[in-house]
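Heads up, the thing below is written out as structure tokens.
The basis for the numbers below is simple: all heavy atoms, side chains too, and nothing from hydrogens, waters or symmetry mates. Naming convention: chains lettered A, B, ... in sequence-line order (proteins, then strands); numbering from 1 in each chain.
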Amino acid sequence: MSGQQRSCAGTANIIEVKSKFRTEYRRFGLQQASATGFQEFYKLLLSIHRIPGLDVFLPYVDFHGKLFPINNDDSFRRAVSCAQPLLRVILQHKDDEPRTFMKKKKGSGAKAKGKPRSGLLIGPPMDFHLVSSIIDVDILPETLRRVRLHKHSSNKTLGFYIRDGQTVRLTPQGVEKVSGIFISRVVPGGLAASTGLLSVDDEVVEVNGIEVAGKSLDQVTDMMVASSHCLVITVKPANQCNSMAHLSSRPPDSAHSPASKTQLISSAMDGECDNEEHDIIIETDGLSPSLPVPAVASGDGD
Amino acid sequence: MMKFRFKRQGNDTQREKAKQDVFAFNKQTVEHGFPSQPSALAYDPILRLMAIGTKSGAVKIYGSPGVEFGGRHVPGGAVTQMHFLLGQGRLLCLLDKNTLHLWEISPGDKGSSLDKTLSITLPGRPGVEGVRASRVTTLLPTRRCDLLCMGTEGGAVRTLALPSLAALEARMLLQDQVLQRRVSGVPDEYKCGRSLGPVESLQEHPRYPGKILIGYSRGLVVLWDLNTWQLDALFLGNQSLESLSWERSGRNFVSSHSNGSYVLWAVGGSRCPPVCRPMSCTRPYGPSPCKAISKILWRTSESGIPLVLFSGGMSRASYGDRHCLTVTQGDTQVALDFTSRIIDFFTVHHTEDGDRFDDPTALVVLLEEELIAFDLQTTGWPVIPSPYLASLHSSAITCSYHVSNVPRELWQRVAAAGRLQSPSQTAAKWPISGGNSFASAPKQKDLLLTGHEDGTVRFWDASGMSLTPLYKLSTASVFQTDGDHSNSSAQEEEWPPFRKVGLFDPYSDDPRLGVQKISLCKYSGRLVLAGTAGQVLVMCLNEEWSDHVISSSVIDLLQDRKGFTWKGHDQLDPKAGRIRFMPGFQPVVLVQCIPPASITTVALHAEWNLVAFGTSHGFGLFDYHFRCPVLARCTLHPMDTIAMEGPLSRIKSLKKSLHQSFRRIRKSRLCGQSRLLVQGLAGKESSKQLGEQGDSRDADVAPVQRRIEARSAEDSLSGVVRCLCFADTYLRDAAQHGPTLWAGTNAGCVFAYALKVPLRSGSWGGAVEAILSKEIQLTHRAPVVGVAVLDGQGNPLPEPYQASWDLATSLDVQASHSVLIASEEQIKVFSLPKITMKAKLKLTANEGCRIRKVALVSLAGSHALLCLTNLGDVQAFSVPGLRPQGRENCIHREDVSGMASCVFTKTGQGFYLISPSEFERFSLSKCQVSSSLCSVEVQRNSQTAVPSTPPWRSGTPSASSTGGPPSLGGQDGVRISPGFSCGDIVMDTTGDLTVEDVKDFLASVDEMENNLRNRSTNDWHSAGILINGTVWNVL
């Protein structure tokens, strides 16, 4: 079998494929002309690995060394076009936890986030959730970073502290020294620390799109706590080396994906956050008060 | 989501118009209560007006009931002395910063007001050692109101022209002038150059204007004629002097001394100048050492027996800590024993020249915490009830509750009970009767109820301008307390003849008695009081004396929760057996919660005979008709252990937070005057200040940091029940409405119960049942501060019995109801019975402020939701749309206790405590503004007009304002020789020299130097004199 594959390798319109399932490797060639359908490719791989009927994911490794899923014809074509010269595919059993995806928040995160309800499955979103994202890269000055923190479960803390401080700001009177709000501490293991997007001495410029200039520390604290389940903070990072100026100069495929869907932060953000924040209403009509059976109904507008 | 956004837009102009029609903020319309920290008192017998000055610089004028207005010194400072320029409607105030201010009562289209016309800084500031001598100790405006005499610490008497406050430098009386002139018969001990001490008292001769009595601290009293600038008489006192008072005829005067004695002196004879010895010396509470008599008044009466009134003088060892004022007339003597320090007092008496006797009608005493007037014409000198300056804080206020538009019947019954409680002992009218109040009679009767720490509830008439007491209700008699001493009424020994007067009593017998929550049904007269130890008392209004047993029940709010121990206070023990109650509100049912934590909220539905109450552990529902519990629900989170341990474990932090808030209050009181300034200053200034603060803070300590963390269910005190409400609405289905109970907790949870309330018309009613129907958990978990059910039009549901009184307000059953839930962070409106959200407002996420108080009020016919936030501003929102209607800064941001005490009325007014003893009333409605409408007729002739350009300049107003540089050795006979220097003062070194002597000497030298420098700024002498380093303080 392996000899047959190797014999096809030399031709120009044949793609070299290296596929891996658990500890087994297969290498084979694929006619570029016949590489059209995802379903065919999927069946081919299953038969090659002799695991017919098994549910697998098909992530491939692009030329940056990152994993992207192949799950429809489009993504398959993209994977084929990226195969320079080798298309590396990793077969993953659906029962195996695909933890590898969690690491990449910036790229695939927003993509998955954008269509959670559309039924179109990109990657393995079922056991996957977003914890943070950088948004509005295209409308913000390069020195600022707008971060959205999603707090899903109550067992992980947000984990940061803010303080009063001094900053300079351009006012009609010229450059003035004014008071500002800064991140004073990031708790290790907390959500903020795990994102790596917030760090000590970053200046907080906005909370939920509302400028904090002129507000007291207590007011800003209240604003943040009040929207802690879905907090959007715009910071001026103390360390400008990692600012968006660098990120935006990345190759095109990662640049177009993150922020393009969130043009208008205020409206889009409002809607998205609202969806997450529906109050839980437990109806216990007709039941004895001592035995409340929680029947969760959805809250917002339906 | 989209539909809400769509709804919020559009018809903005209409909204703007509605906003203007309805919302109008009126801050500080009236202040009720007693001014905090009074420090000075003045009375004008011609205009019959009284003035009170405070330590924070406020000045308030009071006349007949309804006549009150005031002003405030900016920047502040304690008012130490106040004097009216008699009949002119002008008031002189001396502040502790040695500044003198002239206020004028001026007529305006909205009634009289008090305006400051002149301010001057007198030389010398307290604390600056060199110029201490020129600090003013006492003031005396002459009766003709042309001259103001000022006694100084250094012993000199300065004069200022009135009303211009121009210094008459030539007319300054120094101590050496008094003694070094042709006086014979003065003993050597006065003559040998020793200082006489500061001027303690200045009193003008009642018959001869221009003659003033000058009392020096060391005891010497001098009668000086200002017209001839001559000494008329010398009175050789040998005791340290405290005060002086003339007898009406001018033939006698009386002096009081620091050893607790008073001395009567005779003035007379034509010998020039006579040296007099005392006529008689009395030590009323001797012979053991006594405290000083700080002020004495001598009033003649038609009966021939003079009335002597003095403060202090008590035996130091036995009664040194009492605040006493003794009134003596012949054999009758009473020591009025007050509960707080005496600031000052005066008598209201006949002052016209035609009257032969003083015949005082009333004595008015200003104490640190209250004002009390006595009728001096009725035997026994009973107290005259005061129409204003009510001592709100007689025991600390723990809560307040406002009832608008009280039905006539209830009002009369409460008022009758109040009259019965304190039968008037005197027919005398309020003695201070100046000015006219032309405020119209209030359209409706409003009640303000205040709950106090000692378990009392006071009912105040809040319908008009001033807050007057109506009725007082005590709950202490229901319980056994440590303070129960039946022998407390036992009379003390006969001498001194004490008589306890005054309401102010800051010492609570038992803090558990404190009233925390009040609810009153104004239609049925049912009252619920809930207290610190988990006690809930249901009361009925009864016109008869009653002798009954109170039905007592206990509700365990923990239910079957295990593993918790209450470490707080014990529950109160109710008295067993029959208790006799006065007519008025009488307790009928007592419910006690277990654990006995303080009640945090209470709700009453008199029509269903139900009372609901909540604590930090849960809530309960009680049927007080059948006297049985209906429901008890624990709201504790299983992880919340702090709530269980009770207040003891939190004492430290509580103490700390109390301490902090008191400090904050003090701070805000101190800078109370700059409050307005701070508010006025916009952006730049304040941000600059902030910047500076930040600078200094950075240098000193690590900056404060705040943790950003989402709320979790395990947060401490999440089980506290914050609000309860009853409503007749559609909870279970849209077809049938029925009784419901709503409860909101600190954890953002709302419980809705459907109630089965059987009709009570038949003989058998059946038991009330409560079934949990809905449970709403707000995702943001902020404490729920208010729940209200709205009808189809968005109006609040009628109160119990309201529909039967007023058919127009019957329950709206046409459209669907909705429920408004306000948390500290958000306000949401849900439709009923299906809980779907109709509108919401995220206040905290957008503005960073948290809601402290909410109330549904009626502003000019339309309903609005008022929110007080932790920034101290009040915001109004429309219901049910939650569109912003207006926003105003109201309470100072740091005034935490002010916000905690704030109550809104149903008509859009509000009350909050600006000090422990004062309510400030504000209004947010255009229709409802209560402000003082009064006028004082003042006639001033043109000569006495104040110059339009006040002579305040950077330096003292002295030299230049008298016109031209004063020549040395002027014609007035005040002569200081150019060669005068320190050497001329001979010091008595033979006697025993004390530190005080040296100080006095230095002080007098300083003063002379200052004077000299003033007079001869060009003179080379001045340079030589200033060698010792005393620098004239250029202000």
Under 4.5 Å from a heavy atom of chain A, the part of [X] involved:
{"X": "Ala782(B)", "result": "neither"}
{"X": "Leu843(B)", "result": "neither"}
{"X": "Asn870(B)", "result": "side chain"}

Structural part of Ile210(A) lying under 4.5 Å from a heavy atom of chain B | side chain
Who passes ring-ring contact (aromatic ring centres under 6.0 Å, His included) against Phe751(B), sequence neighbours left out?
-> Phe619(B)
Of all residues at least two apart in sequence or in a different chain, which pass the side-chain hydrogen bond (donor to acceptor under 3.5 Å, both in side chains) check with Thr869(B)?
-> Asp873(B)
Identified side chain to side chain contact (heavy atoms under 4.5 Å, CB included) counterpart of Val757(B) within the set Val630(B), Val768(B), Asp623(B) = Val768(B)
Interface check, chain B: of Ala226(A), Ser216(A), Ser228(A), most non-hydrogen pairs under 4.5 Å belong to Ala226(A)
In plain terms, say whether Arg163(A) and Asp201(A) are close enough for a salt bridge, that is, a side-chain N and a carboxylate O under 4.0 Å apart.
-> yes
Charged N-O contact under 4.0 Å between Glu824(B) and Arg722(B) = yes
Considering only heavy atoms and a distance below 4.5 Å, find which of Glu825(B), Arg707(B), Glu847(B) pairs most often with chain A.
-> Arg707(B)
